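Convention: sequence-line order gives letters A, B, ...; per-chain numbering from 1. Computed from a predicted model, the values in this text were never measured in an experiment.
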2 protein chains.
Amino acid sequence: MKFESNIGDYLKENEIKPSFQRIKVFEYLVDKMNHPTVDMIYKELVNDIPTLSKTTIYNTLKLFVEHKIVSVVNIEDNETRYDADVSNHGHFKCSKCGKLYDFNYENSNLSIKNLQNFKIEKTHLYLNGICVNCMD
Amino acid sequence: MKFESNIGDYLKENEIKPSFQRIKVFEYLVDKMNHPTVDMIYKELVNDIPTLSKTTIYNTLKLFVEHKIVSVVNIEDNETRYDADVSNHGHFKCSKCGKLYDFNYENSNLSIKNLQNFKIEKTHLYLNGICVNCMD
DNA sequence: TTTCATTTTTGTAATCATTACAAATATATA
DNA sequence: TATATATTTGTAATGATTACAAAAATGAAA
Ligand SMILES: [Mn+2]
Ligand SMILES: [Mn+2]
Ligand SMILES: [Zn+2]
Ligand SMILES: [Zn+2]
């Protein structure tokens, strides 16, 4: 996570005007680190911003993804999730408790055979199974 | 791909009654190997089976997935794709031509640091970039 | 073969996430 | 202040998927 300073500045550094709503959405992502859906973000923020529209959440996340400060996490069908951590990392989903874990991996370890001369731009690694807390 | 014999037998081996529609759907997956969406399967098969319902495609694929003879490929948002190859393999999507490539990789190479004592049941690896045919 | 239960398929309606779009509001500039 | 531009909002439209009940097919008694 290359986010250190305050959120407004971080957005500006990435050529995004830091509106109140945008700051709130990014703040949510950074604070919670929970790979939320649009709905999760909306339900939480509408408490602070009663006039908030779900369209704004969609617009904002789209903008963040375009400016590469947020990445899309596509794990299960029909639930797009978002992540303020845009570094190369994978996700583990526990099939018992449903929790999503981040983990690091080395791209170089993947050693693909069939893809000689392909230019790999991005890797997405998603694992599922049982997390350590759900083991007997 | 552990599919050798005829499709009806293969379905029976997996405790699925081989109805005409089910055979056709599985046949499509095996013949095309194109990771199709529900709609692609429907549009093709409705030529053979004019009374075919899209619901049947959904039902059938759900059944196949439950019986583990078909796996779900979730790459882009809002397009669930299906694969009759349930062996461990990854997918590469070319961002120029859009084609989806299969490739093999070794699970043992993954050796994740942060996930000690986690039980990994399934891995999903998806890469994107430029395929060899689209390179200058 | 007829009867009856069970399974499968079909068609339609409902749901849910996402997008399109235009009006309203806020912000920036002259 | 006046005006242009950017952002937010609300509503309607779209599209994939699911729910559900009726129709059709299948399979096993009788
Ligand atoms: Mn993450
Ligand atoms: Mn495949
Ligand atoms: Zn768990
Ligand atoms: Zn290509």
Checklist outcome for this item: Reading nucleotides 25-30 of chain C from 5' to 3' and marking B where a protein heavy atom lies under 4.0 Å of the base, S where only the sugar-phosphate is that close, and - otherwise, the string is ------
Item to check | side chain to side chain contact (heavy atoms under 4.5 Å, CB included) evaluation trace for L63(A) with I16(A) | outcome: CA-CA 8 Å; L63(A) 190 74; I16(A) 296 170; 3.7 Å; yes
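For the OP1/OP2 pair of dT18(C) and a distance below 4.0 Å, the side-chain nitrogens and oxygens of T80(A) include at least one atom meeting the criterion. Put simply, Q21(B) has no side-chain N or O that comes within less than 4.0 Å of OP1 or OP2 on dA25(D). For dT8(D), the OP1/OP2 oxygens have a side-chain nitrogen or oxygen of S19(A) closer than 4.0 Å.
A donor-acceptor contact closer than 3.5 angstrom is absent between the side chains of H91(B) and N128(B).
Overall, the helix from dT1(C)-dA30(D) to dA30(C)-dT1(D) carries an axis bend of 10° between its ends, with five pairs at each end and the value rounded to 10°.
The distance between atom OH of Y42(B) and atom C1' of dG11(C), rounded to the nearest whole Å, is 10 Å. I23(A) places its CD1 atom 13 Å from the P atom of dT7(D), with the value rounded to the nearest Å. Whole-Å rounding puts the F20(B) CZ to dA25(D) C1' distance at 14 Å. At whole-Å resolution of the value, CZ in R81(B) and P in dA16(D) are 12 Å apart. The separation between I41(A) atom CD1 and dA17(C) atom P is 14 Å, rounded to whole Å. Between L52(A) atom CG and dT8(D) atom C1' there is a gap of 9 Å when expressed in whole angstrom units. Here the C1' atom of nucleotide dT7(D) and the CD atom of E15(A) are 18 Å apart, to the nearest Å. With rounding to whole Å, I49(B) atom CD1 is found 16 Å from dG11(C) atom C1'.
The backbone N or O of S87(B) sits less than 3.5 Å from a side-chain atom of D85(B), completing a donor-acceptor pair. A donor-acceptor distance shorter than 3.5 angstrom exists from the side chain of R81(B) to the backbone of H35(B), with no hydrogens or angles considered. With hydrogens and angles ignored, the 3.5 Å screen pairs a side-chain donor or acceptor of S95(B) with a backbone N or O of G129(B). Using a distance-only test at 3.5 Å, with no hydrogens or angles considered, a donor-acceptor pair links the side chain of R22(B) to the main chain of K17(B). Looking at N47(A), its side chain does come within 3.5 Å of a backbone N or O of E44(A) through a donor-acceptor pair.
In this structure, E79(B) reaches neither bases nor backbone, as no heavy-atom distance under 4.0 Å exists between it and the strands shown.
Of the candidates dT9(D), dT8(D), dT10(C), dT8(D) carries the atom nearest the R22(A) side chain, counting heavy atoms from C-beta on.
DNA chain C lies under 4.0 Å from at least one heavy atom of each of the following residues of residues 53-63 of chain A: T55(A), Y58(A).
Cluster annotation: I57(B) is connected to V30(B) through the hydrophobic network of ILVMFWY side chains, with a link wherever side-chain heavy atoms come within less than 4.5 Å.
A ring-centre distance under 6.0 Å is not found for Y126(B) and Y126(A).
The 5' end of DNA chain C is approached more closely, in terms of each residue's nearest nucleotide, by I16(B) than by the other of V38(A) and I16(B).
Between E15(A) and K68(A) there is no salt bridge, since no side-chain nitrogen of the basic residue lies less than 4.0 Å from a carboxylate oxygen of the acidic one.
The aromatic rings of Y10(A) and F26(A) lie tilted to each other, with the angle between the two planes from 30° to 60°. Between F103(B) and Y105(B), the ring-plane angle classifies as tilted under the 30° and 60° cut-offs.
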